[in-house]
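A short write-up of the structure that comes next.
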Amino acid sequence: MKNNLFLDAAFSKQTERPPVWMMRQAGRFMPQYWEIKNKYSFLEMCKTPEIAADVTMLPIDLLGIDAAILFCDILVTGEAMGGDLSFTQGVGPKFANPVRTAKDIENLNVDCLDELAYVADAIKVIQQRLNGSIPLIGFAGAPFTVMSYLIEGGSSKDFKLTKLFIHNQPELAHKLLAKIAKVTADYLNLQIAAGVNALQIFDSWALALSWNDYEEFSHRYIKEIIANLNRKDIPVISFCKGSSVFAPMMAEAKPDVISVDWNADLLNIKNALPKGIAVQGNLDPHILYADQAVIKAQIHKLFERMRGTEGFIFNLGHGIMPDIPFDNVKYAIEVVKEFRY
């Protein structure tokens, strides 16, 4: 690997500067993304290896980041299991056949890796194009987050149906989560076999849960997934909205990195974690709307706070919003790359 900064930091080694990549770095804030998106549906982009590779490469070619992340979606596991998935502009993902009964859960297929072969094919194409320049991150949605989409039938503001389900029918919830966890571990191992250099597990909606519910309906399954990964030399990043609260419990699943939202002091989180667990984050993405002088000052403030800390990857506390100016994202990455401890 020509650029080992990301992997070194993920394995808690000292680096000359923090490595940088950003969640949703190949996305809607880029005009070049829309040039592709206007020709294909979102699922076509995900399922056509050459197109997925084209989109994955955009931030490498245009921004010069230190790690690529596979272009795909967290809900492809739900689709592979039998979900009727679609994406509509301005609406987001929809499952036309929500999972709400014992029969619905029984009908979900766990032997569905063949349905996800296109992801392995995309990884191989991307790695050919990267040619050892920077690491490639694979990913999957965490079971609770995928379950919430399956039950709600799409996005939700309050997760009312999901929370009623876990409280009124906990045994059924665990059956569903166990199925999703099995598929997720198999899927991530498929990505490892295809050639990814790191993995991230996205629990995008964990913040909907109380501490006890997070432990029962999310953490235990992430712990199970990580334990079942062929993770030799492959760092595993655990991300959730709510990591500023849940980080101590997240560490018990033994990830290599915890990705932290912007609601916490990153150094305090790092110092409270077991030695050998790196942190990733945690700039508020809204700062990227601000003047460039503000962006630079905020990044330097974070870096000075983290000075002398091994195991630190710069990222946002969540993904880039679609209307953040491209030039501001590019500038932020330049600021990171010019910094030296």
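Proximity of Ile333 to Trp21: side-chain heavy atoms (C-beta onward) are nowhere separated by under 4.5 Å.
Within the model, atoms CD1 of Ile225 and OG of Ser238 stand 9.5 Å from one another, a figure rounded to the nearest 0.5 Å. Note: Ile105 CD1 to Met147 CE = 9.0 Å, rounded to the nearest 0.5 Å. The OG atom of Ser156 lies 10.5 Å from the CD1 atom of Ile151; values are rounded to the nearest 0.5 Å. Between atom CE of residue Met250 and atom OG of residue Ser218 there is a gap of 8.5 Å, rounded to the nearest 0.5 Å.
The ring of Phe339 has its center no closer than 6.0 angstrom to the ring center of Phe314. Two rings, from Phe139 and Phe239, have their centers 6.0 Å or more apart. Note: Trp205 and Phe144 fail the aromatic proximity criterion, with ring centroids not under 6.0 Å apart.
Remark: Lys330 NZ is packed, more than 12 non-hydrogen atoms of other residues, nucleotides or ligands lying under 6.0 Å away. Around atom CD of Glu304, more than 12 heavy atoms belonging to other residues, nucleotides or ligands sit under 6.0 Å away. Shown here is Lys2, whose NZ atom has more than 12 heavy atoms of other residues, nucleotides or ligands within 6.0 Å.
Remark: side-chain polar atoms of Asp256 are not paired, donor with acceptor, to backbone N or O of Ile277 under 3.5 angstrom. Using a distance-only test at 3.5 Å, with no hydrogens or angles considered, no donor-acceptor pair links the side chain of Thr145 to the main chain of Gly141. Proximity of a side-chain donor or acceptor of Asp8 to a complementary backbone N or O of Lys13 within less than 3.5 Å is not detected. The closest donor-acceptor contact from the side chain of Asn282 to the backbone of Asp261 lies under 3.5 Å. A donor-acceptor pair under 3.5 Å is formed between the side chain of Thr56 and the backbone N or O of Phe71. Under a 3.5 Å cut-off, the side chain of Gln25 and the backbone N or O of Ile60 do not form any donor-acceptor pair. Looking at Asn97, its side chain does come within 3.5 Å of a backbone N or O of Asp84 through a donor-acceptor pair. Looking only at distances, a side-chain donor or acceptor of Asn228 sits under 3.5 Å from a matching main-chain atom of Glu224. Side-chain atoms of Asn197 come within 3.5 Å of backbone atoms of Leu136 as a donor-acceptor pair (strictly under, hydrogens ignored). In this structure a side-chain-to-backbone donor-acceptor pair under 3.5 Å is missing from Thr48 to Met45.
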Working note: Asp213 + His167, criterion side chain to side chain donor-acceptor pair (under 3.5 Å); need CA distance, chi angles, decisive distance, verdict.
CA-CA 9 Å; Asp213 286 343; His167 293 139; 2.8 Å; yes
Carefully, step by step, assess Arg129 and Asp61 under the rule salt bridge (charged side-chain N to carboxylate O under 4.0 Å, His left out).
CA-CA 11 Å; Arg129 297 199 197 175; Asp61 298 334; over 6 Å; no
Step by step, work out the salt bridge (charged side-chain N to carboxylate O under 4.0 Å, His left out) result for Lys296 and Glu338.
CA-CA 11 Å; Lys296 183 173 186 175; Glu338 286 168 1; 5.3 Å; no
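Tracing side-chain contacts under 4.5 Å through hydrophobic residues (I, L, V, M, F, W, Y), one reaches Tyr40 starting from Leu58; they form part of the same cluster. Residues Ile234 and Val119 fall within the same hydrophobic cluster, defined by Ile, Leu, Val, Met, Phe, Trp and Tyr side chains chained together at heavy-atom separations under 4.5 Å. The hydrophobic cluster containing Ile137 does not contain Val125, counting ILVMFWY residues as joined when their side-chain heavy atoms lie under 4.5 angstrom apart, directly or transitively. No continuous path of hydrophobic side-chain contacts links Tyr221 to Leu207 [ILVMFWY only; heavy atoms under 4.5 Å]. Both Val260 and Phe303 belong to a single network of hydrophobic side chains, linked directly or stepwise wherever heavy atoms of I, L, V, M, F, W or Y lie under 4.5 Å apart.
Just one residue in the list Ile65, Leu316, Leu63, Leu62 forms a side chain to side chain contact (heavy atoms under 4.5 Å, CB included) with Val329, and that residue is Leu63. When each of Phe42, Phe95, Tyr149 is tested with Phe87 by the rule ring-ring contact (aromatic ring centres under 6.0 Å, His included), just one qualifies, namely Phe42.
With respect to Arg28 and Asp323, no salt bridge is recorded, no charged nitrogen being found less than 4.0 Å from a carboxylate O. Between Glu79 and Lys47, at least one side-chain N (NZ, or NE/NH1/NH2) sits under 4.0 Å from a carboxylate O, which counts as a salt bridge. Taking 4.0 Å as the cut-off between side-chain N and carboxylate O, Asp265 and Arg305 count as a salt-bridged pair. For Glu152 and Lys163, the salt-bridge test fails: no basic side-chain N is under 4.0 Å from an acidic carboxylate O. Ion pairing between a basic and an acidic side chain is recognised when a charged N comes within 4.0 Å of a carboxylate O; Glu334 and Lys337 show no such pairing.
In plain terms, the two heavy atoms of Phe202 and Met23 that are nearest each other are CE2-SD, 3.6 Å. Taking each heavy atom of Gly281 and Phe312 in turn, the nearest pair found is O-CE1, 3.4 Å. Of all heavy-atom pairs between Val236 and Arg231, the closest is CG2-NE, 4.0 Å.
A parallel orientation is assigned to the rings of Phe246 and Tyr214, their planes being inclined by less than 30° (bins at 30° and 60°).
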